[in-house]
Colleague: 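Dumping the structure here so I can ask a few things about it.
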Amino acid sequence: MIVMAFMERYTDDEKRAVIAFLNMIITSDLEVKIDELNLVWIMSKWMNLDIKSLEYLTEDQVKHIFHHMDQDKWLEVMRMGYTMMAVDKKLKSKEKDLFDFISTIHQTSTEDHRNFYHLMNQMSELTPLDQLVLIVLAHYLVEADGIVRESEFNMLIVLSTLIGVNLEEIALYRIPKDTLYQAVFSMSPHAVKRLVEELLIISIADFKIAEQEYDFIFPILAHFNLNFEDMLNRARLRLNEHLEYYELFRTPSEVN
């Protein structure tokens, strides 16, 4: 398990293009919501980018940068764009037009275009945007029962360390849970299972799951028809397999 800076494998130009692309999706319908902006602002801050400096990056420049991305990285970017479109619960025509325009960059035929959407649904790893949603959800989770336990908070520190983000900045952006759920509902079933496992690992840090914690995760379980006991067993297995790493990054902390 390697500790990385957030979006470390992206070049500076690629990072700028990703943020610009997501911002284009948000502003394409002229109905900008603060929840959507907060997601992009957090990503920008974690990458040390000034979002205002991206306003002069044109659509053609973004397309040029994406054209030189490798296929796997470009697919991840498209997956993030799809998630961002889902946040406001409805797919608007201008958002779809922009997404379709960018998605043709690495396509060579109509059949490949269909395969693109198929591949998106098969992704098992979490995109950087998925990771952001996971961290914010996890932050809510440790507060779900009104008691922030040190064991759970330490596991949250572990997760943020492994992703490569500053946990202290999460509290600055209070993104509504409904917005986060909508983002999760757009993810592939494979990625969702990974996300739920990570949430459950935090929940079982104190060897029990509070009713409020279960209620917090339940909407995701219900939407994807996931069995709670099966997911709990998967989480325990993952925790046991990587226990040494969790212990390595577990640090003493003060819980307010």
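This chain uses plain numbering: 1 for the first residue, then up along the sequence. These numbers were taken from a predicted model, which means no experiment stands behind them. Note that these values count all heavy atoms, side chains included, but never hydrogens, waters or copies made by symmetry.
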Colleague: Looking at N227, I'd like to know if its CG atom is crowded, meaning that more than 12 non-hydrogen atoms belonging to other residues, nucleotides or ligands lie closer than 6.0 Å.
Modeller: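 Enclosed: over 12 neighbouring heavy atoms sit under 6.0 Å from CG of N227.
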
Colleague: So do V192 and F185 actually touch side chain to side chain, heavy atoms under 4.5 Å?
Modeller: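 Not touching, per the 4.5 Å side-chain cut-off.
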
Colleague: Considering all heavy atoms of both residues, which atom of L156 and which atom of A138 are nearest to each other, and what is their separation?
Modeller: CD1-CB, 3.5 Å

Colleague: Got I175 and I42 here, is their nearest side-chain heavy-atom distance under 4.5 Å?
Modeller: yes

Colleague: Quick one: are V184 and L195 in side-chain contact, heavy atoms under 4.5 Å?
Modeller: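 They are in contact (side-chain heavy atoms under 4.5 Å apart), so the answer is yes.
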
Colleague: Roughly how far, to the nearest 0.5 Å, is the CD1 atom of I204 from the CG atom of L232?
Modeller: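 Reported value, rounded in 0.5 Å steps: 6.0 Å.
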
Colleague: Working to the nearest 0.5 Å, report the span between CZ of R9 and NZ of K73.
Modeller: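 Rounded to the nearest 0.5 Å, the CZ-NZ separation comes to 6.0 Å.
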
Colleague: Looking at Q61 and T58, would you say the former's side chain and the latter's main chain have a donor-acceptor pair under 3.5 Å?
Modeller: yes

Colleague: Check step by step if side-chain contact (heavy atoms from CB on, under 4.5 Å) holds for T83 and Q182.
Modeller: CA-CA 8 Å; T83 297; Q182 291 303 318; over 6 Å; no

Colleague: Between E197 (side chain only) and R194 (backbone N and O only), is there a donor and an acceptor less than 3.5 Å apart?
Modeller: no

Colleague: How long is the gap from NZ on K15 to CG on D13, to the nearest 0.5 Å?
Modeller: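 With rounding to 0.5 Å, NZ (K15) is 11.0 Å from CG (D13).
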
Colleague: Measuring only between side-chain heavy atoms, which start at C-beta, is W74 closer than 4.5 Å to E14?
Modeller: no

Colleague: Starting from the C-alpha separation in whole Å, work towards a yes-or-no answer on side-chain contact (heavy atoms from CB on, under 4.5 Å) for N233 and R236.
Modeller: CA-CA 5 Å; N233 288 335; R236 287 169 175 159; 3.7 Å; yes

Colleague: Report, one line per pair, each donor and acceptor closer than 3.5 Å where one atom sits in a side chain of residues 210-219; sequence neighbours left out.
Modeller:
unit_1	atom_1	unit_2	atom_2	d
E213	OE1	A210	N	2.9

Colleague: First locate atom OG of S188, then atom CG of D130, and finally report the distance between them rounded to the nearest 0.5 Å.
Modeller: 7.5 Å

Colleague: Identify the heavy atoms of R16 and L57 that sit nearest to each other, and give their distance.
Modeller: O-CD2, 3.8 Å

Colleague: What pair of heavy atoms forms the shortest contact from M43 to P128, and how long is it?
Modeller: CE-CB, 4.2 Å

Colleague: Can you tell me how far apart CG (L159) and CG (L134) are? Round to the nearest 0.5 Å.
Modeller: 5.0 Å

Colleague: I want to check something: taking the side chain as every heavy atom from C-beta on, are M78 and F66 in contact at a cut-off of under 4.5 Å?
Modeller: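 Yes. Closest side-chain heavy atoms under 4.5 Å.
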
Colleague: Taking the side chain as everything from C-beta on, heavy atoms only, tell me whether W46 gets closer than 4.5 Å to I163.
Modeller: no

Colleague: With no hydrogens and no angle check, is any side-chain donor or acceptor of Y181 less than 3.5 Å from a backbone partner on P176?
Modeller: no

Colleague: Just distance, no hydrogens or angles: give the donor-acceptor pairs under 3.5 Å from side chains in residues 18-26, sequence neighbours left out.
Modeller:
none

Colleague: Quick one: CE on M84 to CZ on R79, what's the gap to the nearest 0.5 Å?
Modeller: 12.0 Å

Colleague: I need the minimum non-hydrogen distance between A17 and V62, along with the two atoms involved.
Modeller: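 A17 and V62 have their closest heavy atoms at O-CG1, 4.0 Å.
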
Colleague: Where do I202 and F153 land on the side-chain contact (heavy atoms from CB on, under 4.5 Å) test, with the steps shown first?
Modeller: CA-CA 8 Å; I202 294 175; F153 192 78; over 6 Å; no

Colleague: Can you name the closest pair of heavy atoms from L126 and A191 and give their distance?
Modeller: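 Scanning both residues, the minimum pair turns out to be CD2-O, 3.3 Å.
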
Colleague: Ignoring hydrogens, what is the shortest heavy-atom contact between L141 and L199? Give both atom names and the distance.
Modeller: CD2-O, 3.2 Å

Colleague: Mark yes when over 12 heavy atoms from residues, nucleotides or ligands other than H64 sit less than 6.0 Å from its NE2; otherwise mark no.
Modeller: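 Counting other residues, nucleotides and ligands, NE2 of H64 stays at 12 neighbours or fewer.
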
